[in-house]
Amino acid sequence: MKWLFLLFIVVPTTELAVLLYAGSHIGMFETILLILLTAAAGSYLAKREGLRAWQEIRKQAAEGYPPGNAALDGLFILAGGLMLLFPGFITDAIGLFLLMPAVRKKLKPFLYRQIRKKMKNGSMVIIR
């Protein structure tokens, strides 16, 4: 429940405050231009990194290996791409960070631990 509150109330309110602050300091046109530039850069990175992850998944599948790391990369890329769809500097920054391979490499151990913990607790359902 706390995540829904964060998602629907805190994030948009914070984004709006940052946009208003930026608009008052650098101007409305410049703020809109920055949002458009981050969206363009993000869509380019999402496409490039998404294709790279997809190729790695296909390569691993062809070699008979499960796509573990490549699938997690794809998950991070999807999340980063979705963050870039929302207007605002905070979500754009998070989205751009998730598209960077070095950041994804640092976040993977955390995600692996979370998945293992949920599987151990029985709170994660695996479909067979």
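The chain is numbered in sequence order, starting from 1. Note that the structure is a prediction, hence the values are computed from the model and not measured.
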What distance do Phe97 atom CZ and Leu107 atom CG have between them, rounded to the nearest 0.5 Å? 10.5 Å
Give me the other members of the hydrophobic cluster that Leu16 sits in, counting Ile, Leu, Val, Met, Phe, Trp and Tyr linked by side-chain heavy atoms under 4.5 Å, directly or via other members. Leu20
Not counting sequence neighbours, which residues clear side-chain hydrogen bond (donor to acceptor under 3.5 Å, both in side chains) with Gln60? List them please. Glu56
Take Ile77 and Leu99, measure what side-chain contact (heavy atoms from CB on, under 4.5 Å) needs, and give me the verdict at the end. CA-CA 5 Å; Ile77 292 164; Leu99 294 176; 3.9 Å; yes
For Leu82, side chain to side chain contact (heavy atoms under 4.5 Å, CB included) partners two or more places apart: Leu78, Leu85
Ignoring hydrogens and angles, tell me if any N or O in the side chain of Thr91 forms a donor-acceptor pair with the backbone of Phe86 under 3.5 Å. yes
Quick check: do Leu45 and Leu84 have side-chain heavy atoms less than 4.5 Å from each other? no
With a 4.5 Å heavy-atom cut-off, do Phe76 and Val103 have their side chains touching? no
Who else is in Tyr65's hydrophobic cluster (ILVMFWY, side-chain heavy atoms under 4.5 Å, direct or via others)? none
Does Val18 share a hydrophobic cluster with Ile26, counting links as ILVMFWY side-chain heavy atoms below 4.5 Å and allowing steps through other members? yes
State yes or no: do Ile90 and Leu34 share one hydrophobic cluster built from I, L, V, M, F, W and Y residues joined by side-chain heavy-atom distances below 4.5 Å, directly or via other members? yes
Using 0.5 Å steps for rounding, measure from the OG1 atom of Thr31 to the CE atom of Met28. 9.0 Å
So Lys120 and Lys117, side-chain contact (heavy atoms from CB on, under 4.5 Å) or not? Walk me through it. CA-CA 5 Å; Lys120 189 175 183 179; Lys117 186 191 307 182; 5.7 Å; no
Does Glu15 use its side chain to pair, donor to acceptor, with the backbone of Phe89 at less than 3.5 Å? yes
State which residue, out of Leu4, Val11, Val10, fulfils the side chain to side chain contact (heavy atoms under 4.5 Å, CB included) condition with Phe8. Leu4
Of all residues at least two apart in sequence or in a different chain, which pass the salt bridge (charged side-chain N to carboxylate O under 4.0 Å, His left out) check with Glu49? Arg52, Arg104
Salt bridge (charged side-chain N to carboxylate O under 4.0 Å, His left out) with Lys106: which residues, sequence neighbours excluded? none
Apply side-chain contact (heavy atoms from CB on, under 4.5 Å) to the pair Asn69 and Tyr112, showing each step before the final yes or no. CA-CA 10 Å; Asn69 269 341; Tyr112 275 129; 2.9 Å; yes
